[in-house]
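As structure tokens, the structure follows; a few thoughts come after it.
Please read these numbers as outputs of a predicted model, since none were measured by experiment. Both counts, for ligands and for their atoms, begin at 1 and track the order of listing.
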Amino acid sequence: MLDEAGYEKLRLDMVARQIKGRGINDPKTLAALSVVPRHLFVPERYRPESYEDHPLPIGFGQTISQPYMVALMTAALALKGSEKVLEVGTGSGYQAALIAFIGCSVVSIERNPDLARKARLNLASAGYGEAVTVIEGDGTLGLPAKAPFDAIIVTAGAPKISEELKAELRGDGGVLVMPVGGLGLQELLVVTRQGRDFHTQNLGSCRFVPLVGRDGW
Ligand code: SAH
């Protein structure tokens with residue numbers, strides 16, 4: 001079993017090789033991945049491989065994404081550190097913890113109650129229990145009570161861009177990052193809102209577990 005210093009070494013190595021080494025330079029994203037203890041967000045038996053270059057199972061057929069994918073999505077949000085952010089698909093809570101580290105307040109929706117409970121425990125043990133609120137429910141319905149959001153991140157693959165979520169973006173520059181496409185393969189889309197205009201950028205192909213819900217699969 002590694003100690004904290006051992007995990008820190010793996011973590012810094014991960015950032016250097018997998019994240020910086022592949023061209024992600026957003027300083028806040030790099031700082032967050034360098035500090036947030038990813039090993040505390042995976043089941044105990046996977047801890048030794050928690051900084052490796054692939055996704056890992058977190059139970060119930062779900063996964064914590066590959067570090068590079070998490071970094072790519074975090075950087076795409078272009079956060080300053082004071083934003084109100086909605087996440088759909090809490091999973092382990094790791095992505096939410098990174099956004100909280102950057103200084104944002106995060107509300108994260110998870111449809112599986114067991115995962116939601118585990119994510120709350122993971123977030124508390126890593127020190128992000130206060131900054132992240134985990135809600136159980138169908139995130140494809142959005143969260144009208146707390147809208148608008150400066151940024152929205154969906155961490156499961158959807159058949160289409162959610163109109164609900166677009167409508168909950170802040171009107172002047174709100175950003176939505178979301179994998180959209182088929183069940184097996186999606187495109188990572190970044191949608192930026194200016195009033196009634198939505199500009200979409202495609203960051204390339206990706207593979208996520210399905211978003212299951214009214215506006216999902
Ligand atoms: N962001 C996570 C990884 C998420 S995996 C992390 O950092 O670990 C995708 C998650 O989305 C799964 O936990 C799955 O249960 C959840 N999910 C799928 N459809 C959903 C929906 N409609 N609303 C909320 N959560 C959903």
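Of the protein's non-hydrogen atoms, Val212 O, 2.7 Å is the one closest to atom 22 (N) of ligand 1. Counting only heavy atoms of the protein, atom 7 (O) of ligand 1 lies nearest to Gln95 N, 3.0 Å. Taking atom 11 (O) of ligand 1 as the reference point, the nearest protein heavy-atom neighbour is Gly89 CA, 3.2 Å.
Ligand-side atoms of ligand 1 in range of Pro210: 18 (C), range being under 4.0 angstrom from any heavy atom. For ligand 1, the atoms closer than 4.0 angstrom to any heavy atom of Gly137 are 23 (N), 24 (C). Short contacts between ligand 1 and Asp138, defined as distances under 4.0 Å to a heavy atom of the residue, involve ligand atoms 21 (C), 22 (N), 23 (N). Under a 4.0 Å criterion applied to the non-hydrogen atoms of Ile64, ligand 1 contributes the atoms 8 (O). In summary, the atoms of ligand 1 found under 4.0 Å from a heavy atom of Ser92, numbered by their order in the structure, are 6 (C), 7 (O), 8 (O). The ligand atoms of ligand 1 that sit less than 4.0 angstrom from a heavy atom of Ile109 are 24 (C), 25 (N). Within ligand 1, the atoms closer than 4.0 Å to a non-hydrogen atom of Gly139 are 21 (C), 22 (N), 23 (N), 24 (C), numbered from 1 in the order shown. Listed by number with element, the atoms of ligand 1 under 4.0 Å from a non-hydrogen atom of Val209 are 5 (S), 9 (C).
Test Arg111, Glu110, Arg214 against Asp138 for side chain to side chain contact (heavy atoms under 4.5 Å, CB included) and you get one pass: Arg214. Screening Arg120, Arg117, Lys118 against Glu136 for a salt bridge (Lys or Arg N to Asp or Glu O under 4.0 Å) leaves a single residue, Arg120. Of the options Leu123, Ile58, Leu33, Asn122, a side chain to side chain contact (heavy atoms under 4.5 Å, CB included) to Tyr94 is made by Leu33 and by none of the others.
Considering backbone and side-chain N/O atoms, Leu115 never comes within less than 3.5 Å of an N/O atom of ligand 1. Looking at ligand 1, you won't find any N or O of Ala156 less than 3.5 Å from one of its N or O atoms.
Surrounding CZ of Arg17 are at most 12 heavy atoms belonging to other residues, nucleotides or ligands under 6.0 Å away. Counting non-hydrogen atoms of other residues, nucleotides and ligands closer than 6.0 Å to NZ of Lys20 gives a total of 12 or fewer.
Note on Val70: it clusters hydrophobically with Val36, by side-chain heavy-atom contacts below 4.5 Å among ILVMFWY residues. One hydrophobic cluster holds both Leu56 and Leu115 under the rule that ILVMFWY side chains link at heavy-atom gaps under 4.5 Å. Ile153 and Leu30 fall within a single hydrophobic cluster, where Ile, Leu, Val, Met, Phe, Trp and Tyr are joined by side-chain heavy atoms under 4.5 Å apart, directly or via other members.
Distances shorter than 4.0 angstrom occur between a heavy atom of Thr90 and an atom of ligand 1.
Summarising the contacts of atom 15 (O) of ligand 1 with Met69, Glu110, Gln62, Met73, the nearest heavy atom is found in Glu110. Atom 18 (C) of ligand 1 has its nearest heavy-atom neighbour, among Glu87, Lys118, Arg111, in Arg111. Counting only non-hydrogen atoms, the option in Thr63, Thr140, Val70, Leu56 that gets closest to atom 5 (S) of ligand 1 is Thr63.
Counting only N and O atoms by type, the side chains of Thr140 and Glu164 include no donor and acceptor under 3.5 Å apart.
Relative orientation of the Tyr128 and Phe101 rings is perpendicular, given thresholds of 30° and 60° on the angle between their planes.
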message: For Met178 and Val191: C-alpha separation, side-chain torsions, deciding distance, then whether side-chain contact (heavy atoms from CB on, under 4.5 Å) applies.
response: CA-CA 8 Å; Met178 161 168 206; Val191 179; over 6 Å; no
